[in-house]
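Step one of this worksheet: look at the structure below.
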Amino acid sequence: ARPVLESVLLVRRLRGRESAVTIAQRRVPDGDATAASWADRDVTWFHGASLGETKAVLPLARALIASDPNRMVLFTAMTRAATEWLEASLRAGDIPGLAPSRVAVRLAPMDAFGPATRFIQSWRPRRMVWIESELWPNILATASNAKVPLALVNGRLSHCALQAWSQPVARCAAATILRSFAIISAQDETHASRFISLGGHAPTSAACNLKWVDPQLTAPSELPEPLATAAAGRRAWLVVCMHPGEEGFILDAHRLASETLARCGPRALTIVLPRHPERATVAESLRSAANARALSVVWHSSALSAGAEAAQAADVYVVDRMGMVPSLLELAPLVLVGGSLVPGIGGHNPLEAARGARSHACAVIVGPHVHGVQATLDALSAHDKRAVHVLGHSAELQNVVAKLLASDEGMSELDNAARALDARARGLVASVIAPALDLTPMDFFMESPRAKSWYMRRRSGISLVWSMCCGRLAHRLFHPRIGSSSYSERYEYGVRTALIAAVQAPAMRGPAAHAAS
């Protein structure tokens with residue numbers, strides 16, 4: 001597996017997503033001073049994919065730290081964006097309840113036996129908390145072999161994934177993976193039942209969507225000068241998590257809103273926060289669509305150096321910097337959550353926008369393709385059916401934006417509904433999830449010889465599933481659902497899927513399975 005992972009890192013470096021420094025961190029060099037100073041501390045390790053997952057567990061990390069003055073928290077993530085944002089926010093004091101002296105942030109180690117072993121031996125975590133579906137086989141196996149109790153929080157398992165893992169051979173692999181976790185806290189009861197059907201310990205009483213909880217970040221007191229200048233005297237609306245393919249709908253909405261507002265005075269300003277602003281394809285597609293409609297676009301990083309004049313004249317202001325959503329919400333009474341205008345993505349969490357800014361509530365629009373966040377939307381609508389503006393068709397966006405920008409209707413209902421969900425989820429974190437993690441015993445992975453040796457025995461039988469892995473790898477590389485992704489992204493995702501199948505499937509009976517039997 002190591003040569004394959006090294007090739008993945010090489011591809012990521014060629015695409016600008018890794019550097020020599022980050023690759024060295026993923027290989028886990030010896031001599032981490034913070035890890036050495038925490039040798040006698042109670043370390044809880046949180047691991048997630050990117051920024052959204054990291055933000056989701058901040059309330060849980062606060063609860064764990066507050067319960068024991070000797071407890072420290074280690075965050076790891078797969079992306080540089082998540083670790084850079086978290087480090088900067090901790091230094092600036094923007095995350096109340098998490099003191100920088102009690103929190104460490106690192107890039108996740110490479111999913112190979114050597115780096116994973118060095119990382120766990122350096123930090124000696126008392127428990128490891130995986131977030132959502134970010135499961136790497138060698139890290140998981142090494143943590144279990146070191147008797148580190150494992151928990152999965154905010155777990156999700158889509159209907160398509162359930163069908164795939166329910167196949168005869170895959171079902172055995174899924175059961176061995178899920179039984180490695182002492183507890184699985186799913187996002188809702190539907191996801192919990194799916195985990196249970198595959199053999200996981202996922203009590204419905206512990207089901208909680210952590211993304212419903214407000215992470216309570218401190219918003220910057222001042223806006224960057226170019227952005228403040230661009231928004232002065234204009235009616236702004238915000239687009240968060242925009243994906244390629246959605247820019248046409250958004251720019252058409254801007255044009256109609258501009259025509260509508262021109263009759264009553266203020267100009268319209270569209271602020272766009274792409275899901276992956278660093279990708280060249282995002283900038284190219286947005287500029288091309290804007291040029292076709294005779295609209296001007298300015299990027300935040302360029303406006304900082306070019307001055308305020310360019311920002312003031314722009315129709316569309318593109319924010320290519322992480323962690324600015326709280327500031328942007330202060331400017332925009334209307335927010336579109338992207339990933340929902342085109343099929344294949346399923347939408348993104350609308351609750352950060354639904355909570356609104358400090359000075360006002362916000363109206364939130366989502367497109368018709370929201371299967372990934374349907375439970376959250378249903379919960380919001382249960383409090384008030386007018387709380388969320390769900391489009392029947394993506395082309396309706398321009399009419400809805402023009403109407404709402406001119407009238408400010410529908411704000412307070414959404415704000416109240418989001419705060420109700422926040423209170424409900426916060427109660428579950430305090431009363432169920434945090435105590436469950438706090439009480440996970442160190443000797444959970446107990447004295448069974450079978451449990452102690454399962455990591456070495458997992459190697460047996462790999463040849464029996466090798467053909468299945470190759471077929472699954474090819475399937476993932478060329479599956480139509482991810483056909484719009486770049487080849488390197490499909491390669492990376494396919495390799496990870498094949499590794500999980502190869503490493504986890506054979507004879508991997510964890511201690512939780514032994515206890516259950």
What I'd like to find out is whether the side chain of Pro244 reaches to under 4.5 Å of the side chain of Val282, using heavy atoms alone.
yes
Can Asp32 and Arg106 be said to form a salt bridge (Lys or Arg N to Asp or Glu O under 4.0 Å), step by step?
CA-CA 11 Å; Asp32 192 306; Arg106 297 291 185 272; 2.9 Å; yes
Checking Gln187 side chain against Asn154 main chain: does a donor-acceptor pair fall under 3.5 Å?
yes
With side chains defined as the heavy atoms from C-beta onward, is the minimum distance between Leu341 and Leu391 less than 4.5 Å?
yes
Parallel, tilted or perpendicular: which describes the rings of Trp45 and His47, with under 30° parallel and over 60° perpendicular?
perpendicular
Could you list the donor-acceptor pairs under 3.5 angstrom formed between side-chain atoms of residues 373-380 and any protein atom two or more places apart in sequence or on another chain?
from, atom 1, to, atom 2, distance (Å)
Gln374, NE2, Asp378, OD1, 2.9
Thr376, OG1, Trp212, NE1, 3.0

Roughly how far, to the nearest 0.5 Å, is the CZ atom of Phe46 from the OG1 atom of Thr76?
10.5 Å
Start with the C-alpha distance between Asp42 and Arg127, add both sets of side-chain angles, then the distance that settles side chain to side chain contact (heavy atoms under 4.5 Å, CB included), and finish with yes or no.
CA-CA 9 Å; Asp42 183 343; Arg127 62 195 60 79; 2.8 Å; yes
In the structure I gave you, are the side-chain heavy atoms of Ser89 and Leu217 within less than 4.5 Å of one another anywhere?
no
Assess the residue pair Cys241 and Leu273 against the criterion (side chain to side chain contact (heavy atoms under 4.5 Å, CB included)); give the C-alpha distance rounded to whole Å, side-chain angles, the decisive distance to 0.1 Å, and a yes or no.
CA-CA 6 Å; Cys241 296; Leu273 180 62; over 6 Å; no
Run the side chain to side chain contact (heavy atoms under 4.5 Å, CB included) test on Tyr317 and His300 for me, step by step, so that the C-alpha distance in whole Å, both residues' side-chain angles and the decisive distance to 0.1 Å come before the verdict.
CA-CA 7 Å; Tyr317 192 102; His300 180 67; 2.6 Å; yes
Given side chains that start at C-beta, do those of Leu227 and Leu331 come closer than 4.5 Å, heavy atoms only?
yes
Would you please test His201 and Phe181 for ring pair (Phe, Tyr, Trp, His ring centres under 6.0 Å) and show each step?
CA-CA 7 Å; His201 175 54; Phe181 293 100; over 10 Å; no
Taking all non-hydrogen atoms of both residues, which atom of Ile139 and which atom of Pro109 are closest, and how far apart?
CD1-O, 3.7 Å
Chi angles and distances behind the side chain to side chain contact (heavy atoms under 4.5 Å, CB included) call for Thr44, Val129:
CA-CA 7 Å; Thr44 300; Val129 183; 4.1 Å; yes
Of Val335, Leu404, Val337, Val388, the residue whose pairing with Ile365 passes side-chain contact (heavy atoms from CB on, under 4.5 Å)
Leu404
Output the distance between atom CE (Met322) and atom CG (Asp320), rounded to the nearest 0.5 Å.
11.0 Å
Is there a side-chain contact between Val28 and Trp123 in this structure, where contact means two heavy atoms from C-beta onward sitting under 4.5 Å apart?
no
Looking at side-chain heavy atoms only, is the closest gap between Pro368 and Val390 below 4.5 Å?
no
Residues at least two apart in sequence or cross-chain that pass side chain to side chain donor-acceptor pair (under 3.5 Å) with Lys55, listed by chain then number, are none
Is a side-chain donor or acceptor of Thr142 paired with a backbone partner of Phe113 at a separation under 3.5 angstrom?
no
Return the orientation label for the His243 and His348 ring planes: parallel under 30°, perpendicular over 60°, tilted otherwise.
parallel
Looking only at atom types and distance, does a side-chain atom of Arg71 sit under 3.5 Å from a main-chain N or O of Arg41, one as donor and one as acceptor?
no
Distance from Leu86 atom CG to Phe75 atom CZ, nearest 0.5 Å?
6.0 Å
Quick one, Ile120 and Pro125 - any side-chain contact, counting heavy atoms below 4.5 Å?
yes
Minimum heavy-atom distance between Leu157 and Arg194, given as atom pair plus value
O-NH1, 2.7 Å
Can you tell me if Glu246 uses its side chain to pair, donor with acceptor, with the backbone of Ser340 under 3.5 Å?
yes
Here the pair of heavy atoms bringing Ala192 nearest to Ala186 is N-CB, 3.4 Å
To the nearest 0.5 Å, what is the distance between NE2 on His389 and CG on Leu336?
12.0 Å
Near Gln216 CD, under 6.0 Å, is it more than 12 heavy atoms from other residues, nucleotides or ligands?
yes
Heavy-atom side-chain contact between Glu352 and Pro326 under 4.5 Å
yes
Let me confirm one number: the CD1-OG1 distance from Ile196 to Thr204, rounded to the nearest 0.5 Å.
6.5 Å
Once side chain to side chain donor-acceptor pair (under 3.5 Å) is applied, do any residues pair with Arg26, and if so which ones, sequence neighbours excluded?
Glu18
Could you give the distance from CZ (Arg80) to CD (Glu87), rounded to the nearest 0.5 Å?
11.5 Å
